[in-house]
Amino acid sequence: MIAEAPLTRPREKKARGGRGDRIYHVLIKAIVGVVLAIFAGVFTVVVFGAWPAVKRFGPGFLIHTGWDPVHLVFGALPFIVGTILVAFGAMFLAGGIGLMTAVCITELLPRWLQGPVTYLIELLAFIPSVVYGLFGLLVLAPFLQETVEVWIMEHLGPHFEVFNGAPYGVGYMSAILILAIMLLPLIVTLSREALVLVPRDVREGGYALGLQKWDVVWGIIVPYARNGIVGSLVLALGRALGETIAVAMTIGGGYSLPKTVMDQGYTLASVIANEFNEVSSDMYLSALIYCGLILLVITVVVNVLAYFLVRRLSGAHGFKA
Amino acid sequence: MEVRDTDILMSDQSAVSLDQAYKLRVNGLNFYYGSFQALHDISVNAEKNRITAFIGPSGCGKSTFLRTLNRMHEETPEARVEGEVLLDGESVFDREISELRRSVGMVFQRSTPFPKSIFENIAYGLRIRGVDSSLISGLVEQSLKRANLWEEVKDKLKKSASGLSGGQQQRLCIARALAVNPEVLLLDEPCSALDPIGTSKIEELLLEIKESCTIVIVTHNMQQAARVSDYTGFFLSGKLIEFNNTKSIFETPSSKLTEDYITGRFG
């Protein structure tokens with residue numbers, strides 16, 4: 001009983017607070033409210049815009065192929081598949097190379113080289129995505145068309161169905177490569193920061209046991225930094241799913257399910273960008289917005305899953321940062 | 001080869017007996033960070049199965065000195081060493097580095113559990129070393145017992161080491177170092193982040209493991225040096241001012257500087 005009295009007192013004091021404190025609280029809450037309202041607004045507008053198509057095609061839109069603006073038959077499956085293929089293809093390339101690069105910078109390069117190399121890689125992040133798109137369209141795609149894709153078609157095509165395509169240049173392969181290049185600086189920079197934050201004592205704890213560099217890096221340093229590394233991959237995946245213009249310029253365009261890596265197709269974001277100007281009916285427009293709604297939901301779901309993944313990593317079996 | 005006065009005075013016979021008495025011998029050690037000289041002509045010996053402590057104010061070079069004993073300074077860019085460090089009469093600079101560091105274990109100021117379970121923290125080093133997997137869980141238990149940690153963690157070996165208290169983490173690091181059976185254990189201010197209970201547990205532990213291990217400890221806590229060590233050296237500005245048995249250092253220091261430091265006039 002006696003002990004309870006002092007416990008309640010600070011709370012009363014806090015509630016009374018100063019005038020400035022109250023204004024501050026109201027202001028902060030208002031700002032948070034605005035941010036939430038913007039999200040709710042975007043979601044509402046997308047749902048309303050997509051509503052006619054949702055009513056007409058229902059969930060079948062997600063599993064049907066076919067994109068015929070004249071007869072108003074729409075199915076988004078090829079774009080959903082395209083989005084996932086392009087995003088995860090690019091993540092696969094950029095994730096591996098990016099993590100290796102970050103480890104190389106922090107653990108292998110001499111200190112005087114670390115800064116300049118990091119800066120050069122960060123510079124890649126400042127290039128606008130439309131410039132990447134131009135590079136992909138004018139440089140990378142013709143290069144692939146004349147060299148790599150011809151080789152793949154001749155040597156791998158007869159044996160593997162996924163390589164048995166025509167060398168168009170633009171297509172899934174170009175889009176995945178361009179997107180991977182765009183994701184690299186994000187992954188390298190953020191993973192590098194996570195690796196640099198590993199305390200010197202933890203590193204030396206490994207070397208003090210007589211472990212070799214390789215064992216210290218992959219057994220201790222990378223696991224220690226795994227929250228930051230996974231965080232960088234999540235951010236990159238978010239970007240990969242939503243990247244629009246560079247993919248739209250390099251993926252070639254197509255309405256059927258991809259059969260080979262050299263096929264042309266669309267992702268959800270790029271189909272909206274490329275078709276938006278050619279909308280000929282309200283239902284066509286609504287179908288495109290339905291694509292946007294699907295993309296929005298995919299992004300939110302991926303981010304929520306990533307949130308739980310990061311939380312799990314820092315939980316019982318992980319290491320508190 | 002540089003010839004030293006001591007080499008001339010000493011016959012081969014006495015060199016051998018020195019190697020038997022002293023686990024570690026340091027002769028004329030100079031240490032540089034780039035152009036800055038951090039240690040000046042340090043010569044000192046550490047007796048086998050004894051605790052040798054080094055005290056001194058921050059930045060006096062005592063940690064730098066400790067790090068040369070298992071060549072940990074080589075992880076610092078621009079660090080350079082001159083002079084001799086002998087382990088059982090053999091220069092540590094001639095030994096293979098990972099093998100040296102298994103013989104000369106080290107525990108750091110901040111406890112550094114790896115981002116793994118309690119069990120894996122100790123097992124990882126053993127497994128990398130190629131210890132047979134059927135022996136590992138026995139060795140883990142044995143090391144945790146030697147570090148007086150077994151009773152506290154035996155039911156949560158699979159849990160993350162980060163859930164342990166600071167003192168337990170530090171004892172885990174000691175257990176990890178002991179798992180590979182080192183001949184020498186170096187401790188760099190192992191208790192500076194611990195509360196008095198955690199500190200006294202570590203100190204008790206040190207007195208137990210010196211039976212099987214030669215211990216060199218760096219501390220800025222003079223009482224700690226007085227409590228646990230057999231020999232004490234006092235560092236100031238990169239020089240070893242005085243080295244003697246602990247009782248003499250604290251009761252009848254021969255240098256005015258040592259006396260000023262241990263009576264709290266600076267530091």
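The sequence lines fix the lettering, A, B, ..., with proteins before strands; numbering per chain opens at 1.
If you measure heavy-atom distances from B:Ile97 to chain A, you find no contacts under 4.5 Å at all. When heavy atoms are compared at a cutoff of 4.5 Å, B:Arg127 does not approach chain A at all. Heavy-atom distances place both the backbone and the side chain of B:Arg176 under 4.5 Å from chain A. Residue contact with chain B, scored on non-hydrogen atoms closer than 4.5 Å, involves the backbone and the side chain of A:Pro199 alike.
When every heavy atom of A:Gly210 is checked against every heavy atom of B:Arg102, the shortest pair comes out as O-NH2, 3.6 Å. When all heavy atoms are compared, the tightest approach of A:Tyr207 to B:Met72 is C-CE, 3.9 Å. Between B:Ser98 and A:Gln212, the closest heavy-atom pair is OG-NE2, 3.3 Å.
The candidate with the highest count of non-hydrogen atom pairs below 4.5 Å against chain B, out of A:Ile221, A:Val202, A:Asp215, is A:Asp215. When each of B:Gly105, B:Ser111, B:Pro77 is checked for heavy-atom pairs under 4.5 Å with chain A, B:Pro77 comes out on top.
Between A:Ile220 and B:Tyr124, the closest side-chain pair of non-hydrogen atoms falls below 4.5 Å.
Annotation for B:Arg95: atom CZ counts as buried by contact number, over 12 foreign heavy atoms lying within 6.0 Å.
Between B:Thr76 atom OG1 and A:Glu204 atom CD the span is 6.0 Å, to the nearest 0.5 Å.
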